[in-house]
Amino acid sequence: MPTTDPIADFLTRVRNAVKAKKKFVNIPSSKMKISLAEILKNNKFIKDYNVVEDKKQNVLRVHLQYINGVPSITGIKRISTPGLRTYVAKDKLPRVYNGLGMAVISTPKGLLSDRQAKKESVGGEIVCHVW
């Protein structure tokens, strides 16, 4: 079934899997979802991910991370939606939970975390917040 906002679908599937204490979650794959999973892995919010080949679209399997039974992702929220895009300049990049969380920014250089965007001095569309 096609969705109007595939990134919100990705975030909702991860949020629901964390609440249900699942080890992994399967999500229909796309390039943007793979790069979002890569950012989550690099910032230690998930353990790992892999792409499972199938005859249709391929499946992105995200392995969730728990430390002593507590999930690494305590919250995940979509910021920029198809109906209301939210952009930010390079000098106004957001801080999520005073630096404990992370914002994912879609920039001309691809998807970047807020720290990477600040280091590369680029702004863009705020995709989501993760804490």
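Because the structure is a prediction, the values reported are computed rather than measured.
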Flag yes if Val14 and Val96 sit in one hydrophobic cluster, no otherwise; membership is Ile, Leu, Val, Met, Phe, Trp, Tyr, and two members link when side-chain heavy atoms are under 4.5 Å apart. no
Where do Ile105 and Gly123 come nearest, in terms of heavy atoms and distance? CG2-C, 4.3 Å
Closest heavy-atom pair and its distance - His63, Ile46: O-CB, 3.5 Å
Asn26 CG to Arg61 CZ distance, which is reported to the nearest 0.5 Å: 4.5 Å
With rounding to the nearest 0.5 Å, note down the distance linking CG in Asn58 to CG in Asn50. 11.0 Å
Mind checking whether Leu84 and Thr81 have side chains closer than 4.5 Å, heavy atoms only? yes
For Lys118, the salt bridge (Lys or Arg N to Asp or Glu O under 4.0 Å) test, sequence neighbours excluded, returns none
Check: Val130 main-chain N/O paired with Tyr97 side-chain donor or acceptor under 3.5 Å: no
Does the side chain of Pro28 come within less than 4.5 Å of Lys56's, by heavy atoms? no
So do the side chains of Arg13 and Val62 get within less than 4.5 Å of each other, counting heavy atoms only? no
Which distance, rounded to the nearest 0.5 Å, do you find between the CD1 of Ile34 and the CZ of Phe10? 10.0 Å
To the nearest 0.5 Å, what is the distance between CG (Leu40) and CE (Met102)? 5.0 Å
Could you tell me if the side chain of Leu111 sits less than 4.5 Å from the side chain of Met32, heavy atoms only? yes
Honestly curious: do Tyr87 and Val127 fall in one hydrophobic cluster under the side-chain, below-4.5 Å linking rule? no
Any sub-3.5 Å donor-acceptor pair from Gln57's side-chain atoms to Ser29's backbone N or O? yes
Look at the side-chain heavy atoms of Ile, Leu, Val, Met, Phe, Trp and Tyr, link any pair under 4.5 Å apart, and say whether Val52 and Leu60 land in one connected group. no
About how many Å separate OG of Ser106 and CD1 of Ile126, when rounded to the nearest 0.5 Å? 11.0 Å
Taking every heavy atom of Ser113 against every heavy atom of Asn43, the minimum-distance pair comes out as CB-ND2, 3.9 Å
Consider only side-chain heavy atoms of I, L, V, M, F, W and Y, link residues closer than 4.5 Å, and tell whether Ile39 and Val88 are in one cluster. no
Taking a hydrophobic cluster as the set of Ile, Leu, Val, Met, Phe, Trp and Tyr residues connected by side-chain heavy atoms closer than 4.5 Å, whether directly or through intermediates, do Ile27 and Val51 fall within one such cluster? yes
Applying salt bridge (charged side-chain N to carboxylate O under 4.0 Å, His left out) as the test, list every pair that has at least one member in residues 72-90; sequence neighbours left out. Asp5-Arg78, Arg85-Glu125
Heavy-atom closest contact (Leu36 atom, Cys128 atom, distance): CD1-SG, 4.3 Å
What one should report as the nearest heavy-atom pair of Ala103 and His129 is CB-CD2, 3.6 Å
Test item: Thr12 side-chain N/O and Asp9 main-chain N/O as donor-acceptor pair under 3.5 Å: no
Could you tell me the separation between the NZ atom of Lys44 and the NZ atom of Lys47, rounded to the nearest 0.5 Å? 14.0 Å
Would you please name every residue forming a side-chain hydrogen bond (donor to acceptor under 3.5 Å, both in side chains) with Asn16, sequence neighbours left out? none
